[in-house]
**Q** 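Okay, handing you the structure first.
Numbering of ligands and ligand atoms starts at 1, following listing order. Bear in mind the structure is a predicted one, so any value in this text is a computation, not a measurement.
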Amino acid sequence: MRMRSRALLVLLCSLLAGAFNAEPSPDPTYKDCHPGDKAALLAVKAALGNAYHFASWTPDNPCCDCGAIPASLGTIPNLSGINLSRNRLTGAIPSMFLSKSADQVYLWLSHNNLTGPVPAGFAAVNFAHLDLSRNDLTGDASGLFGRGKELQYIDLSRNAFDFDLSGVVLPEQLYFVDVSHNAIHGSIPAQVANLSNLQFFNVSYNRLCGPIPTGGNTARFDLYNFQHNKCLCGAQNNATYFYVDQVD
Ligand SMILES: *[C@@H]1O[C@H](CO)[C@@H](O)[C@H](O)[C@H]1NC(C)=O
Ligand SMILES: *[C@@H]1O[C@H](CO)[C@@H](O)[C@H](O)[C@H]1NC(C)=O
Ligand SMILES: *[C@@H]1O[C@H](CO)[C@@H](O)[C@H](O)[C@H]1NC(C)=O
Ligand SMILES: *[C@@H]1O[C@H](CO)[C@@H](O)[C@H](O)[C@H]1NC(C)=O
Ligand SMILES: *[C@@H]1O[C@H](CO)[C@@H](O)[C@H](O)[C@H]1NC(C)=O
Ligand SMILES: *[C@@H]1O[C@H](CO)[C@@H](O)[C@H](O)[C@H]1NC(C)=O
């Protein structure tokens with residue numbers, strides 16, 4: 001875990017079984033925690049003055065019922081990464097708790113019960129990885145995209161986002177985009193075909209309309225990535241147009 005200019009803090013409110021467990025922990029008490037993560041968590045806890053929200057967390061009990069995301073996270077200087085996935089978090093995402101000066105920001109908030117819109121200030125954060133999937137978030141998330149951004153991975157799936165995708169510029173380095181199961185309308189930007197790193201692109205279960213772009217990497221995306229929209233259509237060859245699993 002890199003802890004220099006970016007303070008990559010991973011909050012272990014629930015078990016961390018994934019990417020950060022590359023090295024075995026020397027301490028059997030923390031068998032589920034990477035030692036660096038434990039240190040980071042203790043730093044967060046201290047920075048929050050051992051706040052009530054985290055009082056239930058102890059090294060022996062990596063689970064807690066966190067309630068809302070505490071706005072006091074914003075007092076941690078240069079916070080550029082945090083994983084709060086799967087914590088039964090409720091309420092809105094606080095307006096600004098991440099560094100605006102960090103060059104790459106990582107945020108994982110999936111599998112919670114967060115509500116309300118994405119904070120407007122997020123448009124100015126240099127996200128590299130952003131996972132907001134499986135919450136109850138609403139409104140316009142188009143500000144997360146845009147020309148020249150660092151964004152590589154974005155998962156907005158299974159929320160209630162509602163915005164026009166037509167005018168959105170997808171950052172060049174994107175390799176993963178999942179916006180399935182929302183209420184996104186408009187059309188798929190033709191520019192999708194120009195994203196050379198794109199490996200995953202799922203816009204299914206929205207209200208999109210219009211042609212599915214062709215060319216570039218788009219050939220690798222099967223129809224299940226486009227199913228259940230308002231009126232998306234594709235061209236299998238120059239003669240045959242078909243509509244993809246149209247709803248409404
Ligand atoms: C974030 O935390 C969740 C829950 O502990 C875990 O399942 C997930 O793998 C973590 N994500 C990353 C990128 O470490
Ligand atoms: C926060 O980042 C700024 C700009 O990169 C740097 O000057 C400052 O020392 C950092 N502060 C801390 C506490 O790391
Ligand atoms: C969170 O959402 C899940 C699935 O929608 C639901 O079953 C659960 O009751 C919700 N929990 C809270 C605390 O709202
Ligand atoms: C795709 O890239 C080509 C070559 O760089 C460019 O001419 C074209 O305008 C781009 N298309 C879109 C929709 O961005
Ligand atoms: C895209 O999302 C839909 C809905 O969740 C799912 O059925 C489909 O399998 C996904 N496609 C891929 C390639 O994962
Ligand atoms: C579609 O038409 C273009 C130009 O008219 C041609 O280059 C291309 O090979 C055709 N594609 C198919 C699948 O027939």
**Q** Counting both backbone and side chain atoms, is some N or O of D222 under 3.5 Å from an N or O of ligand 5?
**A** no
**Q** In terms of residue, atom name and distance, what is the protein heavy atom nearest to atom 9 (O) of ligand 5?
**A**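 It is Y224 CB, 4.4 Å.
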**Q** Hey, does N197 have a side-chain heavy atom less than 4.5 Å from the side chain of L174?
**A** no
**Q** Going through the checks in order, is the side chain to side chain contact (heavy atoms under 4.5 Å, CB included) test met by D131 and S110?
**A** CA-CA 6 Å; D131 185 353; S110 70; 3.5 Å; yes
**Q** Please tell me whether I76 and F97 are part of a single hydrophobic cluster in this structure, the criterion being side-chain heavy atoms less than 4.5 Å apart.
**A**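 Yes, because I76 and F97 connect within a single hydrophobic cluster, where side-chain heavy atoms sit under 4.5 Å apart.
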**Q** Nearest heavy atom to atom 1 (C) of ligand 1: which of N83, N87, L109 does it belong to?
**A** N83
**Q** Spell out, as yes or no, whether a donor-acceptor pair under 3.5 Å connects the side chain of N113 to the backbone of T90.
**A** no
**Q** R158 heavy atoms, cut-off 4.0 Å: which ligand 5 atoms fall inside?
**A** 5 (O)
**Q** Does CD belonging to E172 count more than 12 external heavy atoms closer than 6.0 Å?
**A** no
**Q** Using a 4.0 Å cut-off to any heavy atom of Y205, which atoms of ligand 5 qualify?
**A** 4 (C)
**Q** Less than 4.5 Å apart, any side-chain heavy atom of L195 and any of Y175?
**A** no
**Q** Going by the atom numbers of ligand 1, which of them fall below 4.0 Å from some non-hydrogen atom of W108?
**A** 13 (C)
**Q** Counting non-hydrogen protein atoms only, what is the nearest one to atom 7 (O) of ligand 5? Give residue, atom name and distance.
**A**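 Closest protein heavy atom to atom 7 (O) of ligand 5: Q227 NE2, 3.3 Å.
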**Q** Under 4.0 Å from any heavy atom of S204, which atoms of ligand 5 are there?
**A**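 With S204 as reference, the close atoms of ligand 5 come out as 1 (C), 2 (O), 3 (C), 4 (C).
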**Q** Regarding Q104 and Y106, do their side chains bring together a donor and an acceptor under 3.5 Å, going by distance alone?
**A**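 Per modelled atom types, Q104 and Y106 side chains form a pair under 3.5 Å.
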**Q** Among all protein heavy atoms, pick out the one at the shortest distance from atom 2 (O) of ligand 5; state its residue, atom name and that distance to 0.1 Å.
**A**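 Here the nearest protein heavy atom works out to N202 ND2, 2.3 Å.
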**Q** For a quick check under 3.5 Å, do D162 and H185 share a side-chain donor-acceptor pair by atom type?
**A**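 A donor-acceptor contact under 3.5 Å links the two side chains.
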**Q** Tell me whether ligand 5 is touched by F200 - counting only heavy atoms on the residue side and a distance under 4.0 Å.
**A**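 It does, in that a heavy atom of F200 comes within the 4.0 Å cut-off of ligand 5.
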**Q** Identify, by atom number and element, the atoms of ligand 5 in contact range of H181, meaning under 4.0 Å from any of its heavy atoms.
**A** 4 (C), 5 (O)
**Q** Nearest protein heavy atom to atom 12 (C) of ligand 5, by residue and atom, and its distance?
**A**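 Checking every protein heavy atom, the shortest distance to atom 12 (C) of ligand 5 gives N225 OD1, 3.5 Å.
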